[in-house]
Engineer: 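One structure coming up, written as structure tokens, with questions to follow.
Remember, predicted model here, so these are calculated numbers, not experimental data. Sequence lines set the chain letters: A, B, ... in the order given, protein chains first and strands last, and positions in each chain run from 1.
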Amino acid sequence: MGRHYIPNSAHKEEMLKEIGFKSIEDLFSDVPKGFVKEFNLPEGKSEYEIFLEMNEILNKNKTILEMPTFLGAGAYFHYVPAHVKYLIERSEFITSYTPYQAEISQGMLQALFEYQSLVGELVGLEIVNASMYDWGTAMAEAALMSARVTKKEKFIVPTHLHPERKKVLHTYTAGPGLEIEYVKWNERGQLDVEDLKEKVESAAGVYIEIPNFFGLIEEQVKEIGEIAHDAGALFVVGVDPTILGVIKAPGDLGADIVVGETSFLGSALNFGGPRAGILAVKNERKLIRQMPGRVIGMTKDAEGKRAFVMTLQTREQHIRRAKATSNICSNEALVAVAAAIHMATLGPKGLQQLGEIILKNTAYFKERISEVAEIPFDGINFKDVLVRFEVPYDIIHEELLKRNIHGGFYLRPHFQELGESALFAVTETTRKEWVEILIENLKEIINMARL
Amino acid sequence: MGRHYIPNSAHKEEMLKEIGFKSIEDLFSDVPKGFVKEFNLPEGKSEYEIFLEMNEILNKNKTILEMPTFLGAGAYFHYVPAHVKYLIERSEFITSYTPYQAEISQGMLQALFEYQSLVGELVGLEIVNASMYDWGTAMAEAALMSARVTKKEKFIVPTHLHPERKKVLHTYTAGPGLEIEYVKWNERGQLDVEDLKEKVESAAGVYIEIPNFFGLIEEQVKEIGEIAHDAGALFVVGVDPTILGVIKAPGDLGADIVVGETSFLGSALNFGGPRAGILAVKNERKLIRQMPGRVIGMTKDAEGKRAFVMTLQTREQHIRRAKATSNICSNEALVAVAAAIHMATLGPKGLQQLGEIILKNTAYFKERISEVAEIPFDGINFKDVLVRFEVPYDIIHEELLKRNIHGGFYLRPHFQELGESALFAVTETTRKEWVEILIENLKEIINMARL
Amino acid sequence: WKEPLIFELSKPGRVGFTLPAPIENIKIQIPEHLKRDQLELPELSEPEIVRHYTRLSEMNYGVDSGMYPLGSCTMKYNPKINEEFANHPKATLIHPYQDERTVQGALQIMWELEQWLKEITGMDRFTLQPAAGANGEFAGVMIIRAYHLDKGETQRNEIIVPDSAHGTNPASAAMAGFKVIEIPSNEQGMVDLEALENAVSERTAGIMLTNPNTLGIFEEDILEIAKIVHKAGGLLYYDGANLNGILGKIRPGDMGFDVVHINLHKTFSTPHGGGGPGAGPVGVKEHLVEYLPVPLVEFDGEKYYLNYDLPKSIGKVKEFYGNFTVLVRALTYLKMMGREGLKEVSEIAVLNANYLTQKLKGTKGYELPHKELRKHEVVFSAEPMKKDTGVKTLDVAKRLLDFGLHAPTIYFPLIVHEALMIEPTETVSKEDLDAYVEALKQISKEAYTNPEIVKTAPHNTAVRRVDDVLAAKKPIITWRMYKQLKEKGEVDY
Amino acid sequence: WKEPLIFELSKPGRVGFTLPAPIENIKIQIPEHLKRDQLELPELSEPEIVRHYTRLSEMNYGVDSGMYPLGSCTMKYNPKINEEFANHPKATLIHPYQDERTVQGALQIMWELEQWLKEITGMDRFTLQPAAGANGEFAGVMIIRAYHLDKGETQRNEIIVPDSAHGTNPASAAMAGFKVIEIPSNEQGMVDLEALENAVSERTAGIMLTNPNTLGIFEEDILEIAKIVHKAGGLLYYDGANLNGILGKIRPGDMGFDVVHINLHKTFSTPHGGGGPGAGPVGVKEHLVEYLPVPLVEFDGEKYYLNYDLPKSIGKVKEFYGNFTVLVRALTYLKMMGREGLKEVSEIAVLNANYLTQKLKGTKGYELPHKELRKHEVVFSAEPMKKDTGVKTLDVAKRLLDFGLHAPTIYFPLIVHEALMIEPTETVSKEDLDAYVEALKQISKEAYTNPEIVKTAPHNTAVRRVDDVLAAKKPIITWRMYKQLKEKGEVDY
């Protein structure tokens, strides 16, 4: 029952006596009568028993290594180098709290400063916070922030927005009553710029993603930014950081705020979490003052030596309470550190290579899948590819699963207009054999269905 | 190809130039012509590819968690607490060398001193070295040491000695030409004391084990020690340290030298290695001077503060060269530290409980297995139990394996006189269900064979 | 010592990686205007990276380094066995959109964890989605909002919060669009019932409470409070940050709370990672279940599945299903501790806090305002010391670092001047507590005899006292900012 | 700082464990005379144990802490990916006596590793059994012994060893029952051919050589040496400690060696663990295969199996099959590096050693005896410094620690007075090398201007210079010895 974690279990009497109490119950004398109860919970167990039990439960999962898997749609199988995992498991990092005492937290503070700096280089902006919960909440907070900065109440997003992020955005903006307006996609799966122009008036912010939900690289990023700026709106760009070795920094494309998912670097899939959100803004006072989240700054110590510390805290809840720019307190620091280590590992060449490999693998996949299905949108894909089938996709999914292959993310429940489509994804981890097995089996399944 | 481990790969020209060389080949100009060749080896791969490849290979193994397994015979499935594994993987420990520079190696030195101290308490002796390779080599070195100390050339061991240790002993004693004499077991599976008395004359050492190879607790330890001492021989006891919470310290039973396997505490099975050998001796000058291996001692630093350092090095090969007490240099330090952490975790109560649980589980197993087979020797068993079947054991083994159960260690190839016997083992990790499945299936198999 | 920034360790040409080759070498033409042309990341080899972050880690204090008694943070020991399952390939290499039949283990973990949390808190259902306490608070107040709107009570736009509350409480309420009404504590450090009576109205959506509160004091009048708020039509929200003080003995649900959030990274031993990831599951009573975020994890007796069919749901407060590997850790811990273990946790946590309270009480310079009996934490005031010697709480905190100890939470709760908020948790030893008290007494002695040594502390740390005013005045947030300022000669550090 | 001994942290009643219950509570009666009656182990809880060993680890220097240029030790960076497979349940939770059909993966790993080692060394078969270099040497010389005995050459009882050899070489030969004949090096630091000619006879069983030798010098006359020894009927043994200097470029087998051992924990990046576990596989040419230890790992094209059928085998030098998880690490490394990678290793290792040699050369107080061109390591002599200033090599080594650097191997090889034996390896950066040279130059300056600071070094370490004379004079090897001496008042530390 875990008494081995509780050193003083053996010294109750001794300690009570020293402080003049008779029993543990005395320490709970302030609790109203009848409150204390016996809980209906299992007895504690030994570590070995838990080891067997948890192994048994976990073994019910089938990992992506155990079946070729083509799921993406906002969560991707990237390889995490072993040293990244080792380093963030060092107890000085993982068991520390938010670095309130800077003098004994320089390691975590500097690591987070480096995270901010590396993200700053990637996205081309100077102000980066120490992480949000994930891309979705970072985007939602960017929407709220846009409204505070511009004092307007409409936020424009693409119709082809990730269903998860769509839901998060709606929940986050419900309280303050922001209006969410959707802009259509055009026949090439790109944002319909004409539609945007019609809707942009009185917008607090305009949001697009690189790549977009269909895996396509949006081609008119600069133009969209200009349309937003002309209308007095902030330009908010969501980005998958693994593309930034091959695509220009959003900051250089006009973005005022950049959000994204930093766990694509340095973290495993983890069934969807922990993740960590990127939030970066231009170096402008009005933006900095309204940004959410924790920020680490460089300063010096009493001897003039370089040091790091949490800074710009007057925006935060523990100081500003109800008037804070956000309620965020715990963030995803360790995920950010893992991303920093992974970014430092890749360096400029590695990040470029990573982007290129993914582009090439995606192109290869597109080529192969087009043997058996339709690709409704041309353009350059990164990771995700929208694929349309003649056969109902749920049937295909079932058949693939029987053959120990996991297909893509079924789109019909979310975008009925796309019919029997699914998002299939590849990354640098995808093996040629996996694609071959998929195509082979798809051919068989489709032929079977045709009969 | 691993260039990411080699920082200066990118700076060859720069560095060569600085030191006045033209090419890498210049640095190898002292190598006779024609020696340098292209090797017939695979190309290097990325970490991710190796990750897939090694996983695939390792997945061909079936672990003891994947089938109830009753193997023991010198290697046992004990549970290793998670914190032990975490701590020894800390890079300051695992990536350090032998602690030659004491001032920056106090952590490893103190941990090893604690290992020596904990083993000292367990075995009841004051002098313990910082580890041998394993029980077998520790025993073999104890034999050599006995010969040096007593200037005699015969070493007495039980006939029921582990086949692995038997082989190691023969190899180690071949050079100096020690004679190995075997003493029989009696009808209870215990050492035949009468036989010993006949053979003990002119022996350098007499060796017994607790428990013995049949898993039985030798009952006449003190008597055997006295017989050895009366004949002027050293009394060497091999011990499984996990029994020492319930059995008296060998030092208190008359042992001059204690050897054993320390990896039973803190290490996994690891397919048989790494392991680590215990070697402890009485606090007597002539023994200390002849003992093999590295020893850590307590001392003080220039300011009088307690410190630790490698000591008594004049016995060792780097000082004494051909006259050293052993050639051992690298030992099994990290395995010893793991054992120390595990011992500290168990403490006196835990070690006693562990011993008791194993005794009880072994007794339970004996009771159950006797439903289907014969137990030739009575007495108290610890972990191993010698079981004799009516049916050839290789057939039983095959049938069990088909049913996803791994039986015991077949004895016939090693001790023909024991017939269709096998050593079956249990520990604190053995589950009731496993035993039940085994008995059920054994019944079925034996019935089937009878038909 | 000073460790350079990773950028400063860079040397062009070095690589820290080897990537697999692409499947086929297909040429892709990125449009010129979108093509990346420069990227100033550092270039290092793997050994250098490992050494850099190893050294940084050694400049950081964690729970494994020693006592870490941050009040309201519950920095207990994080069992290593938790990590083993959190890092298990069967937990890390699964995709959130996998067919449910292929992730039954993951869903079982979530479902089992929910059952534990329900019994521990006395609530009827839980969402495990929130990534942190504040994220949970936001979900909770959004549920309260949805409930009132659903009932047509659109006028309920106020959330009541005591002045001793965590800052996240008012911030979360505000984020959900509520007006925050703050009420004062009474001199015993508890909710002032009269003030509460005056604050409630038909505009009251609910009250957010911590119990034991941030002073470590159990709100004895909790049943009365619940009655007042419920009578006014409001709901009670329980901030679970301080659950460790009553764990396994008393349940928020039994006290009348309608919504509860729990910090798994506090009470249930998952490590805080230097600021996250955490997890803030939210539990509700039956009448609020339909507003929970989607999806819920269900079990039909045979298989586990995700239920998105909640038309009145508040939606989502985070992508996917929460910080899954944090949930794995918490469940591991719960299974290990079991019923008696959890009770032992709060009993010893409370014993430790009161032991420290009684041992420190009466030391010159520190005052113990409010009631003496505490639960898991205690708040002292160093106001007398400040008055007598000019030594501030901040100085005391910094001086503690010189003893190899972590400071308590300081200047919080706001209602105590020069507050020192100490929460030892159940995983510290008596010797640790004695050493902590001894250090605080020693500092008191120093303050009254040689205040300079305290005011200029710390002296034995990797850096001396850090200038946070400069940090705010001249923000340097990234390497690119630093380089610019450096070029202009505006920084010398 | 000072961390108490684990015994000193004990408090009676504490437990650090929870064990599973026995299957059935059967009472066992241990005979009274064998029953344990006292056991003085420390009593601690898990958090205390973790903190203790975490603190100890922080008082230790590893490869991840910085440059670690111990000569002949090849302290290269240990890739973390190696650890992942060494700790994989599929590697750790298998029993050595499992049916071969259930451990095909483990056997494949051993078989594949053998294929790599064969090609790298030019040998025909390997045993992976030896646990360390010295254990491998013992196996190797026992094979040489078995060979001669089998041929009826019972008079061959001498092994020749150069005076620059590692101490393990003569010790291993002696353990195998051989007489050791030491021969001097010539002034170039290589084997003196004339001395060798004089040493060989019909009693010569073999010669043990390291090439590059312990001075880091390649034995240019190796073919001549081989010829002399073979002609006399002896065999050539290759001590692989220095293989890193020729890896992937030159093979001992091609130089005429008959037996080779390799230190996987040096050349193939497996961590040394503060002294072990290592692994010392031994390879032999065809004519010696039948004497290898049992079992060998075989592959019949379909399955892997263990072959015990070697009637002339020397037997076993260790239980089971060697340090398996060390083998896993080495194979991982080899697969990653591949052909060009291994070549790159030795080329850069040699470049780094010569870079350091040239940069340090000419610094006052340090002398570079023998040839200039080195392979993976270099040996300087601080004899001039000692003569000039009284500062000994030991002092220089200790002073290096103050710079946050690990000292080189000192006072070895024995043929160089005041030796500093430096092996940087390929995993250090140019900056590391420059910093190391800079530190040695600085120490030279100090020696000639302010020798006291060097003689009393180190100053910035966890403890000051450790008194090893006292340690040997008054041995305290265990807690129980310490307690006795303490009681008698004989120790004050």
Engineer: Check the orientation of Phe271(A) and Tyr321(C). Use parallel for under 30°, tilted for 30 to 60°, and perpendicular for over 60°.
Structural biologist: tilted

Engineer: Within 45° of the axis and under 6.0 Å from the centre of the six-membered ring of Trp135(A), does NZ or CZ of Arg165(A) qualify?
Structural biologist: yes

Engineer: For the ring pair His95(C) and His406(A), is the centre-to-centre distance below 6.0 Å?
Structural biologist: no

Engineer: Go through the atoms of Asn135(C) and report whether side chain, backbone, both or neither lie under 4.5 Å from a heavy atom of chain A.
Structural biologist: both

Engineer: What part of Ile288(A) is in contact with chain C, defined as an atom under 4.5 angstrom from a non-hydrogen atom: side chain, backbone, both or neither?
Structural biologist: neither

Engineer: Side chain from CB out, backbone as N, CA, C, O: work out which of these in Ser29(A) comes under 4.5 Å of a heavy atom of chain C, or both, or neither.
Structural biologist: both

Engineer: Using non-hydrogen atoms and a 4.5 Å limit, figure out which bit of Val180(C) sits close to chain A: side chain, backbone, both or neither.
Structural biologist: side chain

Engineer: Side chain, backbone, both or neither: which part of Leu351(A) has a non-hydrogen atom closer than 4.5 Å to chain C?
Structural biologist: side chain

Engineer: Side chain, backbone, both or neither: which part of Ser330(A) has a heavy atom under 4.5 Å from chain C?
Structural biologist: both

Engineer: Need one label for Asn25(C): side chain, backbone, both or neither, based on atoms under 4.5 Å from any heavy atom in chain A.
Structural biologist: both

Engineer: With a 4.0 Å cut-off, would you call Glu303(A) and Lys305(A) a salt bridge?
Structural biologist: no

Engineer: Report the option among Thr461(C), Thr102(C), Ile94(C) that has the most heavy-atom pairs separated by less than 4.5 Å from atoms of chain A.
Structural biologist: Ile94(C)

Engineer: Just give me the residue among Glu137(C), Lys371(C), Glu340(C) that pairs up with chain A most often, heavy atom to heavy atom, under 4.5 Å.
Structural biologist: Glu340(C)

Engineer: Relative to each other, are the rings of Phe113(A) and Phe308(A) parallel, tilted or perpendicular (30° and 60° limits)?
Structural biologist: tilted

Engineer: For the candidates Gly297(A), Gly272(A), Ser131(A), Pro274(A), which exhibits the highest count of non-hydrogen atom pairs separated by less than 4.5 Å from chain C?
Structural biologist: Pro274(A)

Engineer: Using heavy-atom distances under 4.5 Å, tell me whether Phe35(A) contacts chain C through its side chain, its backbone, both, or neither.
Structural biologist: both

Engineer: Quick one: what part of Glu14(A) sits under 4.5 Å from any heavy atom of chain C, side chain, backbone, both or neither?
Structural biologist: side chain

Engineer: So which part of Met175(C) gets closer than 4.5 Å to some heavy atom of chain A, the side chain, the backbone, both or neither?
Structural biologist: both

Engineer: In terms of heavy-atom proximity below 4.5 Å to chain C, should Phe51(A) be classed as side chain, backbone, both, or neither?
Structural biologist: both

Engineer: Taking every heavy-atom pair that is under 4.5 Å apart, which of Lys62(A), Glu43(A), Lys12(A) has the most such pairs with chain C?
Structural biologist: Glu43(A)

Engineer: Could you tell me which portion of Leu70(C) (side chain, backbone, both or neither) has an atom closer than 4.5 angstrom to a non-hydrogen atom of chain A?
Structural biologist: side chain

Engineer: Counting heavy-atom pairs closer than 4.5 Å to chain C, which one of Ala324(A), Ala344(A), Cys329(A) comes out on top?
Structural biologist: Ala344(A)

Engineer: May I ask you to check if Lys249(C) and Phe28(A) form a cation-pi contact, with NZ or CZ under 6.0 angstrom from the six-membered ring centre and within 45° of the axis?
Structural biologist: yes

Engineer: Does any heavy atom of chain C fall under 4.5 Å from the side chain of Ala130(A), the backbone, both, or neither of them?
Structural biologist: neither

Engineer: Heavy-atom cut-off 4.5 Å, strictly under: side chain, backbone, both or neither for Pro42(A) against chain C?
Structural biologist: both

Engineer: Check this for me, if you would: do Glu18(A) and Lys430(C) make a salt bridge, where the nitrogen-to-carboxylate-oxygen distance has to be below 4.0 angstrom?
Structural biologist: yes

Engineer: Is chain C contacted by the side chain of Leu87(A), its backbone, both, or neither, given a heavy-atom distance below 4.5 Å?
Structural biologist: side chain

Engineer: Please classify the contact of Met75(C) with chain A as side chain, backbone, both or neither, using a heavy-atom distance under 4.5 Å.
Structural biologist: side chain

